[in-house]
2 protein chains.
Amino acid sequence: MQVMSSNSDGLFRILADPTRRLILDLLAERGPLSVGQLASEFPDLVASGISKHLMGLRAGGVVSATRRGRQQIYRLEPDVLAAGLAPWIAKYEQYWSAALERLRDLAQEGRVKDELTSRKNVRRKRLK
Amino acid sequence: MQVMSSNSDGLFRILADPTRRLILDLLAERGPLSVGQLASEFPDLVASGISKHLMGLRAGGVVSATRRGRQQIYRLEPDVLAAGLAPWIAKYEQYWSAALERLRDLAQEGRVKDELTSRKNVRRKRLK
DNA sequence: GTAATACATTACCGAAGGGTAATATATTTG
DNA sequence: CAAATATATTACCCTTCGGTAATGTATTAC
């Protein structure tokens with residue numbers, strides 16, 4: 001409480017947990033998913049644990065949910081994430097650019113097979 | 001332990017604390033600083049608390065330290081920070097670009113006086 | 001209506017985290 | 001040498017956090 005806590009503060013706390021980051025990644029890669037679909041990606045975690053994480057993400061605004069039948073469909077809210085972190089990212093922007101270029105060089109050399117470095121898979125599907 | 005923990009994992013935990021983020025900002029804006037200089041920026045915190053944070057940052061590799069007399073001079077290691085977060089940032093890059101443009105537009109309209117949006121203050125001084 | 005499904009909520013636990021105070025160590029000063 | 005300065009380390013406290021289990025609630029299926 002002795003440090004200015006901007007709105008980005010909550011985002012950093014949200015991103016501190018690897019499970020939550022992976023949930024965001026899944027929503028980004030596969031589009032909107034139900035709680036069950038998300039939970040199935042975490043065999044070592046109980047479903048209610050995922051639900052709790054989702055509530056945290058929802059409270060932070062980085063995901064939103066709509067009911068469909070008896071299931072809740074969660075989707076990423078990328079603008080909230082981006083707008084909240086943009087000021088911080090901008091501070092170190094000069095460093096990102098160099099690091100990102102290096103990443104692309106590696107990818108282009110075919111030494112990285114990680115799908116995250118390619119641009120074809122952040123697709124949107126089934127908006128309704 | 002049920003989730004892949006990449007090397008970026010430690011970085012996210014480091015960034016989760018606002019005091020540590022501010023320390024990084026100070027080092028980025030003012031160049032290398034001693035523990036005392038950094039601690040003076042946190043009136044509500046005891047010096048050993050800052051020291052502990054600095055050891056954490058050092059363990060993560062995002063800062064390095066060299067003795068000068070009886071004081072330790074800490075400096076930012078921007079490449080470690082950038083390289084560690086670049087993969088994650090790349091995933092959501094399309095969203096950052098939009099948010100960062102919006103930030104610049106606001107700055108250009110003179111509605112933001114925050115020095116963080118200007119590019120003149122990330123200076124390097126006194127490398128030795 | 002009853003049972004089953006899909007989530008959310010609550011209570012609870014252990015571990016980790018941030019903070020202080022006290023102590024230790026290295027360096028300079030007198 | 002002793003005293004002072006600058007930082008690191010340790011022990012300890014309290015809070016937060018991630019996790020589970022159990023219970024609650026809404027919706028669908030029978």
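Hydrogens, waters and symmetry mates are skipped; everything else that's a heavy atom, side chains included, is used. Quick note on labels: first sequence line is chain A, next is B, and so on, each numbered from 1. From a predicted model like this one, the values you see are computed outputs, not experimental measurements.
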With sequence neighbours left out, the residues meeting ring-ring contact (aromatic ring centres under 6.0 Å, His included) with A:W88 are A:F12, A:Y92, A:W96

Distance, nearest 0.5 Å, that separates OG of B:S64 from CD of B:E77: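 B:S64 OG to B:E77 CD: 3.5 Å, rounded to 0.5 Å.
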
Distance-only criterion, 3.5 Å: show the donor-acceptor pairs between side-chain atoms of residues 46-63 of chain A and protein atoms not counting sequence neighbours.
unit_1 : atom_1 : unit_2 : atom_2 : d
A:H53  : ND1    : A:R20  : NH1    : 3.3

How would you label the contact of A:G36 with the nucleic acid (heavy atoms, under 4.0 Å): base, sugar-phosphate, or nothing? sugar-phosphate

Atom [atom1] of [X] and atom [atom2] of [N]: how far apart are they, to the nearest Å?
X	N	atom1	atom2	answer
B:D17	D:dC17	CG	C1'	14 Å
A:L38	C:dC7	CG	C1'	12 Å
A:R58	C:dT9	CZ	P	8 Å
A:Q71	D:dA26	CD	P	18 Å
A:I23	D:dG18	CD1	P	11 Å
A:H53	D:dG19	NE2	C1'	8 Å
B:L54	C:dG19	CG	C1'	15 Å
B:D44	C:dA21	CG	P	13 Å

Using heavy-atom distances to pick each residue's nearest nucleotide on DNA chain D, tell me which of A:R20 and A:S48 is more 5'.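 On the 5' side of the pair lies A:R20.
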
Using a 4.5 Å cut-off on heavy atoms from C-beta on, say whether the side chain of [Y] contacts that of [X].
X	Y	answer
A:V35	A:Q71	no
A:L24	A:L15	yes
B:R13	A:D17	no

Under-4.0 Å side-chain N/O to phosphate OP1/OP2 contact, B:Y74 with D:dA6: no

With respect to the phosphate group of C:dC7, does any side-chain polar atom (N or O) of A:S34 fall under 4.0 Å of OP1 or OP2? yes

Closest to side chain of B:K52, choosing from C:dG18, D:dG18, C:dC7: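 Nucleotide nearest to B:K52's side chain: C:dG18.
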
Under 3.5 Å, is there a donor-acceptor pair between the side chain of A:Q37 and the main chain of A:S34? yes

Once base and sugar-phosphate atoms are separated, protein heavy atoms under 4.0 Å mark nucleotides 25-30 of chain C, 5' to 3', with B, S and - as --BSS-

